[in-house]
Colleague: 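Below you will find the structure I want to go over with you.
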Amino acid sequence: MSCVYNATGPQQSLAEFFEAIQNGVQDFHSLKGDDQFVPEVDIFDTPEAFIVHVSLPGAIREDIGVEFDADTNEIQISGVVHRNADEELLKKLVIKGRGVGVFKRKFRLGTQKRPASVDADHITAKLENGILSVLAPKHEKEASEKRRVEIQ
């Protein structure tokens with residue numbers, strides 16, 4: 001398991017980590033220095049499309065939203081992931097190792113020098129086995145045609 005911990009130095013963060021384990025830490029996410037849920041994301045840039053994979057174990061489709069802003073070439077993924085347990089069971093929770101909560105992630109597709117040309121009308125998304133997959137197809141490059149430019 002790879003984690004990043006906020007601390008003044010690597011020795012201190014490692015010491016805090018092992019001390020927390022010895023003391024029976026109940027929330028590994030609190031060791032990161034924040035309580036905000038930030039799902040892990042992979043973004044692929046293929047010749048045909050951008051593909052975004054978001055890790056959302058336990059999420060349900062109705063609680064997730066995907067939006068694309070064509071003006072900024074930004075894709076936003078937001079929603080909430082709940083812990084699947086009733087109140088009685090939650091009282092018995094001893095280790096919080098899974099991220100849950102409200103989240104919002106925003107990504108620019110392409111770069112400022114080379115902005116993406118995304119076909120916004122054909123963006124698709126599906127949630128399967130805890131992974132949200134967003135497919136943002138690129139516009140086909142138009143064939144450049146030669147034309148004579150009149151000089152005035």
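Keep in mind that this is a model prediction, so the values were computed, not measured.
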Colleague: Taking His53 for its side chain and Ser133 for its backbone only, find out whether a donor-acceptor pair lies under 3.5 Å.
Modeller: no
Colleague: Decide if atom CZ of Arg83 counts as having more than 12 heavy atoms of other residues, nucleotides or ligands within a radius under 6.0 Å.
Modeller: yes
Colleague: Please name all residues satisfying salt bridge (Lys or Arg N to Asp or Glu O under 4.0 Å) with Asp42, sequence neighbours left out, ordered by chain then number.
Modeller: none
Colleague: Quick check for you: to the nearest 0.5 Å, what is the distance between Leu109 atom CG and Ile75 atom CD1?
Modeller: 5.5 Å
Colleague: What are the two closest non-hydrogen atoms of Asp63 and His82, and how far apart are they?
Modeller: OD2-CD2, 3.6 Å
Colleague: Would a 4.5 Å heavy-atom cut-off, applied to side chains only, mark Phe68 and Val134 as touching?
Modeller: no
Colleague: Same cluster or not: Ile123 versus Val52, using hydrophobic residues (I, L, V, M, F, W, Y) connected whenever any side-chain heavy atoms lie under 4.5 Å apart?
Modeller: yes
Colleague: Do you reckon Ile43 sits in the same ILVMFWY cluster as Leu127, going by side-chain contacts under 4.5 Å, direct or chained?
Modeller: yes
Colleague: Sequence neighbours left out, what passes salt bridge (Lys or Arg N to Asp or Glu O under 4.0 Å) with Glu87? Give chain and number order.
Modeller: none
Colleague: Just by modelled atom types, is the Pro39 backbone N or O under 3.5 Å from a matching donor or acceptor in the Arg105 side chain?
Modeller: yes
Colleague: For residues Phe37 and Gly101, report the shortest heavy-atom separation together with the two atoms involved.
Modeller: CD2-O, 3.5 Å
Colleague: For Val81 and Gly58, which heavy atoms make the closest approach, and how far apart are they?
Modeller: CG1-C, 4.3 Å
Colleague: Of all the heavy-atom pairs spanning Pro137 and Ala49, show the shortest one and how long it is.
Modeller: CA-CB, 3.7 Å
Colleague: Would a 4.5 Å heavy-atom cut-off, applied to side chains only, mark Phe103 and Leu56 as touching?
Modeller: yes
Colleague: Within a radius of less than 6.0 Å around CG of Asp69, do more than 12 heavy atoms belonging to other residues, nucleotides or ligands occur?
Modeller: yes
Colleague: What heavy-atom pair brings Pro57 and Ser55 nearest, and what distance separates the two atoms?
Modeller: CD-C, 3.4 Å
Colleague: When clusters are formed by joining ILVMFWY residues with side-chain heavy atoms under 4.5 Å apart, either directly or through shared neighbours, do Phe107 and Val118 land in the same one?
Modeller: yes
Colleague: To the nearest 0.5 Å, what is the distance between CZ on Arg114 and CG on Asn73?
Modeller: 12.0 Å
Colleague: Under the rule for salt bridge (Lys or Arg N to Asp or Glu O under 4.0 Å), what residues qualify as partners of Lys91, not counting sequence neighbours?
Modeller: Glu88
Colleague: Just so I know, are the side chains of Ile64 and Val54 near enough to count as touching, which here means a heavy-atom distance under 4.5 Å?
Modeller: no
Colleague: Please check if the side chain of Lys126 supplies one atom and the backbone of Leu135 the other of a donor-acceptor pair under 3.5 Å.
Modeller: no
